[in-house]
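Sequence lines set the chain letters: A, B, ... in the order given, protein chains first and strands last, and positions in each chain run from 1.
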2 protein chains.
Amino acid sequence: MASRAKATIFDIAREAGVSKSTVSLVLQGSGLIRPETAVKVRKAIEDVGYVYNRGAANLRKAHSNVIGMVINDLTNPFFAELAVGMERVFQSAGIVPFIANTAENPVRQEEVLKSLMEQGVAGLIVSPARGTTPGAFRRLETAGVPIVFAMRRLPESRIPVITPDNHRGAYLATAHLIGKGHRQLAFFGGSSDLVVYHERLGGFREACETLGIADRDALIVEGETSRRGGIACLETALAMAEPPTAALCFNDAVAFGVMLALRKRGLEPGPDFAVVGFDDVVEAEHYMPALTSVAVDTPGLGERAAHVMLKMIQSRTTRAEDHIGAVNLVVRESCGPDRRTRNRPSGTGGPA
Amino acid sequence: MASRAKATIFDIAREAGVSKSTVSLVLQGSGLIRPETAVKVRKAIEDVGYVYNRGAANLRKAHSNVIGMVINDLTNPFFAELAVGMERVFQSAGIVPFIANTAENPVRQEEVLKSLMEQGVAGLIVSPARGTTPGAFRRLETAGVPIVFAMRRLPESRIPVITPDNHRGAYLATAHLIGKGHRQLAFFGGSSDLVVYHERLGGFREACETLGIADRDALIVEGETSRRGGIACLETALAMAEPPTAALCFNDAVAFGVMLALRKRGLEPGPDFAVVGFDDVVEAEHYMPALTSVAVDTPGLGERAAHVMLKMIQSRTTRAEDHIGAVNLVVRESCGPDRRTRNRPSGTGGPA
DNA sequence: TTGATTTATTGGAACGTTCCATTTATAGCC
DNA sequence: GGCTATAAATGGAACGTTCCAATAAATCAA
């Protein structure tokens with residue numbers, strides 16, 4: 001039963017009394033072979049414990065069915081949700097995507113990309129690591145491998161992008177804060193080497209501008225896109241002379257960090273300081289207090305990315321349209337009104 | 001520069017004025033070639049934009065350098081932490097592990113495993129999906145592919161396992177609860193088709209037994225190993241005639257769900273109902289209240305699994321020793337004393 | 001110099017598929 | 001029965017590597 005050396009189509013051929021070509025045809029589900037023959041062959045395949053050698057096949061076929069998903073931070077639940085969406089569509093297309101983590105490290109990303117290329121991937125869905133150099137994907141591009149960026153993009157690149165409407169999301173969130181009476185705002189987390197950062201910050205700024213918040217009342221604190229980053233942001237913000245009373249966070253992770261830091265200082269997120277997140281990961285709903293956040297339909301974006309990828313592969317092109325996903329603000333409990341303006345139209349404010 | 005057809009070692013050979021064999025040797029870093037020749041060849045490699053075809057190579061070499069990690073639930077941050085640990089060691093070994101998600105679905109797992117096999121993986125680290133049939137890995141086993149199970153195991157299988165000391169962890173946690181004065185305990189979540197379940201439940205039961213809790217005071221509620229499962233467990237427990245006052249949860253995810261459900265009912269996790277989790281994911285520390293949980297050193301287990309895998313591949317064996325990782329209970333704020341015994345010797349204190 | 005060693009390089013035969021061009025069998029038609 | 005059209009099965013030449021055995025070149029011992 002368990003023959004030492006692994007079985008090939010020749011073994012199957014011998015077992016079934018046909019030629020290797022016939023076996024190959026059966027393997028590919030060709031309609032050219034007589035049903036009875038196919039049955040015979042399939043039985044032989046079972047009997048010898050054959051396992052298809054995709055490497056050998058790709059040698060001739062020139063395109064594998066491997067699709068890679070390159071993620072910059074596996075520990076961010078956001079990306080897990082993205083992956084889940086993608087997998088849904090790939091699964092129904094009968095293909096298994098492989099996920100690789102770059103841990104936000106461009107060097108590691110290089111290795112991952114190289115490995116994936118050598119493996120002969122058919123396509124790549126990538127959320128590039130921070131600090132990715134402009135040329136990082138050139139190899140892939142000249143090799144004609146379809147790529148789509150998900151969530152993040154590179155400053156100038158022709159590679160199609162699937163992303164939520166960051167500008168609008170940030171605008172909505174900021175407007176919400178202002179509507180609650182806040183006049184001293186902050187934007188927490190993220191770093192300026194990310195395009196998304198500028199998009200979200202842009203939305204924040206536009207809202208401030210059109211809704212009458214002066215530049216000097218809009219504090220911007222860069223920081224890691226993680227809980228830890230959020231904690232740091234809040235600390236530096238509260239150390240200011242005129243600290244903000246509300247913050248839009250780059251990320252839900254940052255928002256969680258901010259809430260945590262507030263608690264540590266004996267402040268209650270919501271009543272004492274308004275915070276809104278971005279991404280609306282599942283945890284947001286379950287936090288205490290539940291986090292108001294910009295919902296981006298993460299699994300939906302994942303599905304979209306997968307569809308685009310499939311289409312690119314099928315039409316053997318390397319171009320596709322960008323997709324900007326709709327967003328909406330889901331209001332929960334993390335944003336109270338500004339304490340200082342609570343009783344007046346726009347107050348001068350005393351200490352909390 | 002960007003030649004249409006992809007370059008092969010023949011192209012390099014022509015460019016560098018050597019034979020394909022020489023190129024192959026250079027590619028493998030053989031010490032047999034003259035340094036100057038190597039330099040010349042490496043330059044040619046750059047010039048033609050060559051990408052190594054690992055599939056072709058594997059055709060001869062018979063073992064790839066692909067290691068797969070098959071995970072049953074990517075959205076559980078626990079597994080992301082496990083993956084991160086693994087990646088640390090694989091990275092320094094210069095290999096890129098590919099992660100695939102089975103979403104707790106044995107059918108999907110079958111597909112994933114098949115795909116990985118066809119890809120010719122060198123080894124597999126697996127956390128099997130619920131309901132995996134005993135024969136699911138037979139193909140891999142007879143093919144001689146090294147496998148190690150991480151976190152979960154199959155009922156009867158010779159495949160080595162890397163797992164925390166589940167029994168001890170559960171014992172510790174339960175003892176803690178009893179020490180707080182609780183006399184009506186519960187074990188929430190998990191399902192009996194998981195070996196881990198029995199291990200953890202076993203620890204729970206042993207603690208109850210040796211510390212004088214009667215069987216009828218130890219409620220066991222099976223359920224999904226997720227937030228949602230936790231919510232359901234709490235609901236059914238509180239509907240009982242003599243509901244428990246404390247619970248050991250199968251999982252941190254379950255524990256989060258339980259805390260959530262408590263809140264929904266206006267109860268405060270900790271003072272009103274003690275809950276302890278298992279795994280100690282990073283969120284545990286940041287929850288409100290911070291979750292008391294059994295720390296299992298997840299990244300450490302990941303590293304361990306990776307090391308074992310590397311060693312198996314290197315020594316071309318398919319056997320290895322099981323590894324049971326040390327655990328310890330990290331006490332935070334989610335377990336108050338039993339209300340009803342609050343004023344008697346065993347309790348520590350009153351309400352904060 | 002010559003032969004024996006060592007050092008570098010090379011051609012050729014795999015590896016397990018696919019796919020094209022053939023061959024062989026089956027059926028259809030007059 | 002002879003012919004063509006169709007259906008089913010097949011042999012051989014790729015595909016891009018590795019590795020062995022063999023050659024060629026350089027070094028050494030005599």
Self-check item: salt bridge (charged side-chain N to carboxylate O under 4.0 Å, His left out) between A:K43 and A:E36, intermediate numbers included
Solution: CA-CA 11 Å; A:K43 173 159 182 343; A:E36 305 118 72; over 6 Å; no
Self-check item: Bending between helix ends of the helix from C:dT1-D:dA30 to C:dC30-D:dG1 [5 pairs per end, 10° resolution]
Solution: 50°
Quiz item: With a 3.5 Å cut-off and no angle check, do the side chains of A:S19 and A:T22 form a donor-acceptor pair?
Solution: yes
Quiz prompt | Pair B:S115-B:E111, side-chain donor/acceptor within less than 3.5 Å | solution = no
Quiz item: Of all of residues 19-31 of chain A, which get a heavy atom below 4.0 angstrom from DNA chain C, listed by number?
Solution: A:K20, A:S21, A:S24, A:Q28
Exercise. Scan A:I33 against the nucleic acid and name what it touches under 4.0 Å (heavy atoms): base, sugar-phosphate only, or nothing.
Key: sugar-phosphate
Quiz item: Which is true for B:Y52 with a 4.0 Å heavy-atom rule: it touches a base, it touches only sugar-phosphate, or it touches nothing?
Solution: sugar-phosphate
Quiz item: Below 4.0 angstrom, N of the basic side chain to O of the carboxylate: do B:R42 and B:E15 qualify?
Solution: no
Quiz item: Are B:E118 and B:K114 within salt-bridge range, i.e. N to O under 4.0 Å?
Solution: yes
Quiz prompt | 5'-most by nearest nucleotide on DNA chain C - B:R60 or B:T37 | solution = B:T37
Taking distance alone, no hydrogens or angles, what donor-acceptor pairs closer than 3.5 Å link side-chain atoms of residues 85-103 of chain B to residues at least two apart or in another chain?
| residue | atom | partner | partner atom | Å |
| --- | --- | --- | --- | --- |
| B:E87 | OE1 | A:N101 | ND2 | 3.0 |
| B:R88 | NE | B:E303 | OE2 | 2.9 |
| B:R88 | NH2 | B:E303 | OE2 | 2.8 |
| B:S92 | OG | B:V89 | O | 3.0 |
| B:N101 | OD1 | B:L74 | N | 3.3 |
| B:N101 | OD1 | B:A103 | N | 3.1 |
| B:N101 | ND2 | A:E87 | OE1 | 2.9 |
| B:T102 | OG1 | B:I71 | O | 3.2 |

Quiz item: Testing B:N72, B:T133, B:T132 for side chain to side chain donor-acceptor pair (under 3.5 Å) with B:Q109, which one passes?
Solution: B:T132
Self-check item: Nucleotide interval of DNA chain D bounded by contacts with chain B (heavy-atom cut-off, under 4.0 Å)
Solution: D:dG16 to D:dC19
Practice problem: Give every residue pair that meets the ring pair (Phe, Tyr, Trp, His ring centres under 6.0 Å) criterion with at least one member in residues 102-127 of chain A, sequence neighbours excluded. | Solution: none
Quiz item: Which pairs count as ring pair (Phe, Tyr, Trp, His ring centres under 6.0 Å) when at least one residue sits in residues 120-154 of chain B, sequence neighbours excluded?
Solution: B:F137-B:F149
Self-check item: Result of checking B:V18, B:L27, B:I33 against B:V41 for side chain to side chain contact (heavy atoms under 4.5 Å, CB included)
Solution: B:V18
